[in-house]
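Start at 1 with the first residue, then count along the sequence. Hydrogens, waters and symmetry mates are skipped; everything else that's a heavy atom, side chains included, is used.
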Amino acid sequence: MCVRSRTGCVVPELTVRVARACNPHGTTAMAIRDHLNGLWSDEDFAEWYPRDGRPGLSPAQLATVSVLQFLLELSDRQAAESVRNRIDFKYALGMELEAPGFHHSVLTDFRDRLAEEGRADKLLDLALEKIRRPGPRARPTAHRLHPRPGRGPRPDPPGSAATEATAKRTSSMS
């Protein structure tokens with residue numbers, strides 16, 4: 001497979017330190033790395049790429065960017081810009097802080113490869129197989145994915161003590 005050798009298997013120490021210092025509670029991108037690291041390796045994509053020619057970017061990293069792009073509702077340009085500029089994206093991809101990133105059109109090319117011959121289903125099956133496999137899991141983080149991103153805090157369920165306290169306060173004010 002003619003793919004640029006990937007350094008993203010282990011996050012560089014400086015990237016870890018800076019990302020944790022800037023985001024002590026973590027971010028969605030950091031949680032993806034901490035919880036889903038190792039779902040894909042470049043070898044899983046070997047048949048997608050020719051064996052000769054100019055080396056391409058790591059397909060495992062592009063798959064991770066695609067997941068982040070979907071979760072954060074980013075355009076291709078925004079996702080590529082995030083890889084270039086955001087420390088948490090560099091952490092999620094296991095990149096050095098100085099890594100330049102890539103052009104946004106690379107994501108379109110990757111999706112075109114993904115759409116061929118049921119590859120998306122094969123990739124999902126591979127990820128699910130690895131998730132279900134017994135063994136050590138990624139180290140948990142304090143960060144939790146927000147249940148309603150961009151929509152504020154989740155309301156308290158009806159009947160909870162917080163809901164009843166609020167109802168008492170508003171009724172006593174009237």
* To the nearest 0.5 Å, how far apart are CZ in R86 and CG in L72? -> 6.0 Å
* Heavy-atom closest contact (Q78 atom, S75 atom, distance) -> OE1-N, 2.8 Å
* Asked: Residues in side chain to side chain donor-acceptor pair (under 3.5 Å) with R17, at least two apart?
  -> none
* To do: Treat each ILVMFWY residue as a node, draw an edge where side-chain heavy atoms are under 4.5 Å apart, and state whether V83 and V18 are in one component.
  => no
* What is the distance from atom CD1 of I32 to atom CG of L68, rounded to the nearest 0.5 Å? -> 5.5 Å
* **Evaluation steps, side-chain contact (heavy atoms from CB on, under 4.5 Å), between T64 and F89** => CA-CA 10 Å; T64 302; F89 268 60; over 6 Å; no
* Asked: Roughly how far, to the nearest 0.5 Å, is the NE2 atom of H103 from the CG atom of D109?
  -> 10.5 Å
* Asked: In terms of hydrophobic clustering (I, L, V, M, F, W, Y; side-chain heavy atoms under 4.5 Å; direct or indirect links), are L74 and L71 co-clustered?
  -> yes
* Asked: Looking at residues at least two apart in the chain, or sitting in another chain, which of them share a side chain to side chain donor-acceptor pair (under 3.5 Å) with R111?
  -> D76
* Considering residues at least two apart in sequence or located in another chain, which fulfil the side chain to side chain contact (heavy atoms under 4.5 Å, CB included) criterion with A80? -> R84, F102, H104
* Asked: What residues, two or more places apart in sequence or in another chain, satisfy side chain to side chain contact (heavy atoms under 4.5 Å, CB included) together with N23?
  -> T27, M30, D88
* Structure fact -> Between A79 and V65 the two heavy atoms that sit nearest each other are CB-CG1, 4.1 Å
* **Listed partners of A99 passing side chain to side chain contact (heavy atoms under 4.5 Å, CB included), at least two apart** => K90, M95
* To do: Nearest 0.5 Å please: distance from the OH atom of Y91 over to the CG atom of L93.
  => 12.0 Å
* Structure fact -> The reported gap from CD in E96 to CD in E13 (rounded to nearest 0.5 angstrom) is 11.0 Å
* **Considering all heavy atoms, the nearest P12-G94 contact** => CD-O, 3.6 Å
* Interatomic distance, L107 atom CG to L62 atom CG [nearest 0.5 angstrom] -> 6.5 Å
* Search all heavy atoms of A29 against all heavy atoms of A92 and return the closest pair with its distance. => O-CB, 3.3 Å
* Among all residues two or more places apart in sequence or in another chain, which pass the side chain to side chain contact (heavy atoms under 4.5 Å, CB included) test with L124? -> L128
